[in-house]
Number of protein chains: 2
Amino acid sequence: MFSQTTEYAMRAVVALAAGDGRPMTTKRIAEMMRVPPSYLAKVLQALVRGGLVNSTRGLRGGFVLAKAPSEIKLLAIMDVVSPIKRIEHCPMDHDGHSSVLCPLHRRLDHAMSLVEEAFGSTTLQEVISEENPCPTLQGELQQLRDLPS
Amino acid sequence: MFSQTTEYAMRAVVALAAGDGRPMTTKRIAEMMRVPPSYLAKVLQALVRGGLVNSTRGLRGGFVLAKAPSEIKLLAIMDVVSPIKRIEHCPMDHDGHSSVLCPLHRRLDHAMSLVEEAFGSTTLQEVISEENPCPTLQGELQQLRDLPS
DNA sequence: GGATAATCGGATTCTTATATCCTAATTATC
DNA sequence: GATAATTAGGATATAAGAATCCGATTATCC
């Protein structure tokens with residue numbers, strides 16, 4: 001239901017949030033989060049343009065979060081790569097003279113509002129501080145911590 | 001956020017539910033609900049295959065609901081054309097040895113569950129019996145009622 | 001039984017999303 | 001200043017979704 005790009009964007013931002021604050025390269029994020037590296041590069045560019053992530057080029061460069069994880073909502077990530085388009089007026093009403101939605105589109109829009117609400121009330125901090133039973137990611141993070149600086 | 005095909009499928013089924021029970025042709029539904037007729041034909045075929053709609057060929061043929069509107073949930077329509085794929089296990093965990101989701105995918109899956117719940121608890125009957133302020137559809141339905149049998 | 005109205009199904013096109021690759025620009029280090 | 005590491009951006013390929021078209025099939029009516 002969510003686009004592949006949204007998936008990758010969320011994974012990337014989670015990776016950065018779970019890291020130690022030093023810049024992470026595309027390659028490392030890609031390996032860590034199992035994302036196609038060349039596509040991830042594009043997604044990261046979009047996140048930079050969207051103001052969620054900062055990049056530094058050159059040796060020892062990479063990507064870091066632009067704000068603290070507690071300041072980043074999941075919704076903001078989605079908004080960058082494929083924003084939820086709420087239904088403003090009934091798409092069957094070509095003249096747009098009705099500001100009230102028809103029952104069908106009221107339901108559709110309501111469903112979207114639930115998602116918006118869910119992602120709008122969750123911060124990255126919550127996601128990374130929650131107990132993490134995913135063994136794959138756990139292992140990767142452990143390797144990261146074991147790295148020499 | 002929902003596919004165009006889902007939109008069209010829901011519109012078509014609402015049209016049938018709001019009708020008088022006589023078969024409606026693709027053309028009429030298309031005009032009524034502002035859907036590309038040739039594509040609607042495909043969507044209707046899918047709905048027939050999914051068991052939500054019955055079709056009769058030939059003169060005076062067309063499409064009718066397979067069940068009463070009170071027996072059809074919005075979720076069933078979505079399931080036919082683009083079913084919600086709940087996240088069973090973390091897609092970053094290639095071995096699939098963890099049945100518990102990681103925090104990120106727990107959130108993503110939860111958002112989907114909200115949509116599933118919303119559409120799973122709404123019947124077509126509720127949608128069509130709700131007061132309908134969409135002037136476009138109102139007009140079309142009025143025309144339909146004024147038709148000679 | 002023939003003419004007509006309608007769905008059905010396949011083939012095709014168009015558009016968008018996903019993914020890859022290569023070159024240019026940038027920066028730390030030696 | 002040269003070198004290696006890294007992002008940025010453009011061009012391109014591949015896949016999937018959306019939409020169209022047309023001939024075949026089916027059913028009704030006269």
Side-chain angles (χ1 to χ4, degrees), chain A residues 1-12 15-16 19 22-66 78 80-85 91 147-149, chain B residues 1-12 15-16 19 22-31 33-66 78 80-85 91 147 149:
Chain A
M1 198 174 85
F2 304 115
S3 76
Q4 205 59 19
T5 307
T6 298
E7 255 278 343
Y8 294 160
M10 296 229 174
R11 289 193 205 174
L16 292 179
R22 281 179 297 179
M24 291 182 68
T25 74
T26 304
K27 185 156 166 283
R28 175 167 287 283
I29 302 173
E31 286 168 359
M32 192 168 156
M33 303 311 260
R34 310 288 200 273
V35 177
S38 47
Y39 191 60
L40 177 63
K42 294 294 178 202
V43 176
L44 284 168
Q45 277 183 37
L47 289 170
V48 170
R49 270 184 253 112
L52 286 184
V53 163
N54 289 332
S55 67
T56 55
R57 289 185 174 187
L59 194 55
R60 302 234 176 146
F63 299 89
V64 294
L65 290 184
M78 203 166 179
V80 167
V81 291
S82 50
I84 294 178
K85 281 187 61 179
L147 273 186
S149 53
Chain B
M1 197 176 86
F2 304 116
S3 75
Q4 206 57 19
T5 308
T6 298
E7 254 280 341
Y8 294 160
M10 296 231 174
R11 289 194 206 175
L16 293 178
R22 283 180 296 180
M24 292 181 69
T25 74
T26 304
K27 186 156 164 283
R28 174 167 286 283
I29 302 173
E31 286 168 359
M33 305 311 261
R34 310 287 197 276
V35 177
S38 46
Y39 191 59
L40 178 63
K42 292 294 175 205
V43 176
L44 284 167
Q45 279 182 33
L47 289 170
V48 169
R49 268 184 256 113
L52 288 184
V53 164
N54 290 331
S55 68
T56 56
R57 287 186 174 187
L59 197 56
R60 304 233 177 146
F63 298 90
V64 295
L65 289 184
M78 201 166 180
V80 167
V81 290
S82 52
I84 294 178
K85 281 188 62 181
L147 274 185
S149 55

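The sequence lines fix the lettering, A, B, ..., with proteins before strands; numbering per chain opens at 1.
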Which pair of heavy atoms, one from [X] and one from [Y], lies closest together, and at what distance?
X	Y	answer
B/R22	B/V64	C-CG1, 4.0 Å
B/L44	B/F63	CD1-CE1, 3.6 Å
A/A9	A/V81	CB-CG1, 3.9 Å
B/S55	B/V48	CB-CG2, 4.1 Å
B/G51	B/A66	O-CB, 3.3 Å

By side chain to side chain contact (heavy atoms under 4.5 Å, CB included), A/P37 pairs with (sequence neighbours left out) A/A30

What nucleotide among D/dA18, D/dT7, C/dT18 has an atom nearest to a side-chain atom of B/Q4?
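Given the options D/dA18, D/dT7, C/dT18, the side chain of B/Q4 is closest to D/dA18.
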
Which nucleotide in the set D/dA18, C/dT18, D/dT7 lies at the smallest distance from any side-chain heavy atom of B/S3?
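The listed nucleotide nearest to B/S3's side chain is D/dA18.
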
Within the side chain of B/R34, is there an N or O that forms a donor-acceptor pair under 3.5 Å with the backbone of A/P91?
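No, because the side chain of B/R34 does not come within donor-acceptor range (under 3.5 Å) of the backbone of A/P91.
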
Counting just side-chain N and O atoms, does A/T25 come under 4.0 Å of either OP1 or OP2 of D/dA5?
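Answer no for this pair, as no side-chain N or O of A/T25 is under 4.0 Å from OP1 or OP2.
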
What are the residues of residues 38-55 of chain A, sorted by number, that bring a heavy atom to within less than 4.0 Å of DNA chain D?
A/K42, A/Q45, A/S55

Can you give one letter per nucleotide of nucleotides 23-30 of chain D, going 5' to 3': B for a protein heavy atom under 4.0 Å from the base, S for sugar-phosphate only, - for none?
--BBBBS-

Determine whether A/M78 and A/F2 make a side-chain contact, defined as any pair of heavy atoms from C-beta on separated by less than 4.5 Å.
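They are in contact (side-chain heavy atoms under 4.5 Å apart), so the answer is yes.
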
CE of B/M1 versus P of D/dG17: gap in Å, rounded?
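Taking CE of B/M1 and P of D/dG17, I get 17 Å after rounding.
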
